[in-house]
Number of protein chains: 2
Amino acid sequence: MSTPTERVTIKDVAAAAGVSKGAVSLAFNDKPGVSEATRARIFAAARQLGWAPNSSARSLSRQSVDTIGLAICRPARLLGLEPFYMEFISGIESVLAERNCSLLLRLVGSLEEETRLQQSWWRERQIAGSILVDFHQEDPRTGPLRELGLPAVAVGHPTLTGGFPSVWTDDAVAVAEAVRYLAALGHRRIARVGGPAGLGHSAIRAKAFEETMAALGLDGRPHVETGFSGEEGARATRSLLLSADRPTAIVYDNDLMAVAGLGVAAEMGVSVPDELSLLAWDDSQLCRLTHPTLSAMSHDVHGFGAQVTRVLFDVIAGQDVVSRPVATPSLVPRASTAPPRG
Amino acid sequence: MSTPTERVTIKDVAAAAGVSKGAVSLAFNDKPGVSEATRARIFAAARQLGWAPNSSARSLSRQSVDTIGLAICRPARLLGLEPFYMEFISGIESVLAERNCSLLLRLVGSLEEETRLQQSWWRERQIAGSILVDFHQEDPRTGPLRELGLPAVAVGHPTLTGGFPSVWTDDAVAVAEAVRYLAALGHRRIARVGGPAGLGHSAIRAKAFEETMAALGLDGRPHVETGFSGEEGARATRSLLLSADRPTAIVYDNDLMAVAGLGVAAEMGVSVPDELSLLAWDDSQLCRLTHPTLSAMSHDVHGFGAQVTRVLFDVIAGQDVVSRPVATPSLVPRASTAPPRG
DNA sequence: AGCCGCTCATGAACCGGTAAAGCTAGTGAG
DNA sequence: CTCACTAGCTTTACCGGTTCATGAGCGGCT
């Protein structure tokens, strides 16, 4: 194209409309001080010239930006596979869109890298605030980021998020529901394939799992903590199915691992749900595509993202925000769970 | 936190280091004109005050921004499921990270909406350029966006991208390979479950499919064009398997639909690969998790994203860029394809 | 007529950087 | 000893908006 880039500025629009810069600014910001007639002339001129206010100039002058940050710290290959994030992002976007804001996205390799990134974003005034996800126990981000004064909302249970206002799903309750459901079907040997031990919500679910099992008088089966990838889920399932008194039901920490578990069962000739019940977490379309379809703990991830974003805007606006849960994941029984045979 | 927001500016750093604003700017941009000693003092002061240059001010002054745009136009539920995009994005990020740039991401509902979005992004100087994806035949974006002079790289075959420099995978060749492979196994009735007809690459693949079938003297099975969702893939598969002389092999346009197809085959008691061979596109981990594992046309999506981004930077730098293909997807045979029984 | 108050508009100051021109002391050549 | 030159730093003019104090014009009221 090699456009000589005839940069159009507010001055050109002002000249074209026969007014001053100030008038154009007033008109474009819906402020009083310009007559209807002038306003119309200004808009006509702007449209004619294809002008829109330069966002850098605007935010410099206004001392504010309309972008929020999201850094995700997971290996890329994994991210693609977990439907969770894209759906979460789409929830974020739905709120951003109505406020004409944008999302700055970055995939990072470590929590330390994320800390540095958030620091530059905030110090350089690139973002108005951030959504923090994937909290670990003793998360290294909380200290530096709180000190920084970064406006942020955390996704995760308040016990994990080190003072940041947070939005979370009550996983403990959901886990309990899952276990009780399987127990009610008659399962006694229930196993769990969880996410990485360091990850906060994995720990919460693990604890709730053990406690519920104990409360029901069931022995706490070894629950395997692994990664989040399908391959790790497959490996964990394989080892569970090979163990001496193998479980009759397995609860997974995401849907991908559950799909992998189903594959392993098929491969080993273990019939689902006759000999083995499987229960997924984070219900996505994937759970309805397999045969048998997968029972799952389902929740509204899109709405979750939207809610988090709304809270972030409150934080940015300086309101006093209290942490609050969103709807607890609820059980959607499908064909992969049934009473154990025999 | 209610930080009284003690905004630190370059002036404060200059004062602290006992130099002028100009010196600080020079130091921070690695330009000559400041002694090593002074430079050190400046950095010390900046670190002390936790200062980083305000990005709005910087880009206003420099007349440039370090952000690129990506708008994706697909229903959110779908996006989450297609591993493609996240992996593509991670490829983009890998290049952005080394140049200290950011990605502005937006999910939009229609191509018209995307056009408007790109226009504001560019006119407001929020982005230095864009990556355009999912080209349709007679894509409504090309006209307005070319006119706008937006620096952009298109993902898709040059015949689709209306003059934008593009990066693409040679799907026609890949489709031919897929069909020849199945034919070589002995399949005569090969069907195809494609993406939406309007989508450019679906059309290309459809055409290549028909041509290759014809060249091999096989009758062009009705190939179903549908959406990209698993449910649509399932429906399409079901209808193919119920047809009079059902196909012995099916080629899918993504991996999700192939997984769904596998589910349908299981549900209908059709054995894979004995009675039916399935071949996926966009090989992801998903293909290795099912039982049987899915044969797929595999390509390096991460590298694809990285390459596209590199080309975009060339475009932004004003270089004359020629469209070029990246590696053609290649066949990874797994357990879902075999010679037809009987 | 004089004064008030209102609407509509202007101009200059500012936001926080960058860039180019200007200044100053020190240095080496002639 | 002068002069050109350079390294090192300062000064100043922008970049393209927003905001606020100021003022012109005008109708109504006393």
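In the text below, chain A, chain B and the rest are named by the order of the sequence lines, each starting its count at 1. All of these numbers come straight from a predicted model, not from anything done at the bench.
Here the nucleotide nearest the side chain of Val19(A), chosen from dG17(D), dT10(C), dG17(C), is dT10(C). Distances from the side chain of Lys31(A) to the nucleotides dT19(D), dG16(C), dG17(C) place dT19(D) closest. Of all nucleotides listed (dA9(C), dG16(C), dG17(D)), dG17(D) comes nearest to the side chain of Trp51(A). Of the listed nucleotides (dC9(D), dC15(C), dG16(D)), dG16(D) has the atom at the smallest distance from the side chain of Thr9(A). For Arg62(B), counting side-chain heavy atoms from C-beta on, the closest listed nucleotide (dG17(C), dT18(D), dA19(C)) is dA19(C). Considering only side-chain atoms of Ala57(B), the nucleotide from dG17(D), dT18(C), dG16(C) that sits closest is dG16(C). Taking the side chain of Ser35(B) as heavy atoms from C-beta on, and the options dC9(D), dG16(C), dG17(D), the nearest nucleotide is dC9(D). You'll find that the side chain of Ile10(A) is closest to dG17(D), out of dA9(C), dG17(D), dT10(C).
Nucleotide dG17(C) holds its C1' atom 12 Å from the CD atom of Glu124(A), rounded to whole Å. As rounded to whole Å, 13 Å separates atom P of dA7(D) from atom CZ of Arg39(B). dA19(C) atom P lies 13 Å from atom CG of Asp30(B), rounded to whole Å. Computed from coordinates, the Asp66(B) CG to dG17(C) P distance equals 15 Å when rounded to whole Å. Whole-Å rounding puts the Arg7(B) CZ to dG16(C) C1' distance at 10 Å. Counting to the nearest Å, the P atom of dA19(C) and the CG atom of Asn29(B) are 7 Å from each other. If you take CG of Leu60(B) and P of dC15(D), they are 9 Å apart, rounded to a whole angstrom. A straight line from CG of Asn54(A) to P of dC14(D) spans 18 Å, rounded to a whole angstrom.
Looking only at side-chain heavy atoms (C-beta outward), Leu148(A) and Arg123(A) come within less than 4.5 Å of each other. In this structure, the side chains of Arg58(B) and Glu124(A) stay at 4.5 Å or more apart for every pair of heavy atoms. Between Leu111(A) and Glu114(A) the shortest side-chain heavy-atom distance falls below 4.5 Å.
For Phe88(B) against Val155(B), the heavy-atom pair with the smallest separation is CZ-CG2, 3.8 Å.
Listed pair Thr38(A) / dA9(C) meets the phosphate criterion, a side-chain N or O lying under 4.0 Å from OP1 or OP2. Residue Gln63(B) has no polar side-chain atom (N or O) positioned under 4.0 Å from OP1 or OP2 of dC14(D). Taking only side-chain nitrogens and oxygens, Ser61(B) never comes nearer than 4.0 Å to OP1 or OP2 of dT18(C). Regarding contacts with the backbone of dT18(D), a side-chain N or O of Ser25(A) is found under 4.0 angstrom from either OP1 or OP2.
A salt bridge does not link Arg116(B) to Glu113(B): none of the charged nitrogens lies less than 4.0 Å from a carboxylate oxygen.
In terms of position along DNA chain D, the nucleotide closest to Ala23(B) lies nearer the 5' end than the nucleotide closest to the other residue of the pair Ala23(B) and Pro53(A).
On a pure distance criterion of 3.5 Å, a polar donor-acceptor pair joins the side chain of Lys21(B) and the base of dG17(C).
The six-membered or imidazole ring of Trp168(B) lies away from that of Phe135(B), with a centre-to-centre distance of 6.0 Å or more.
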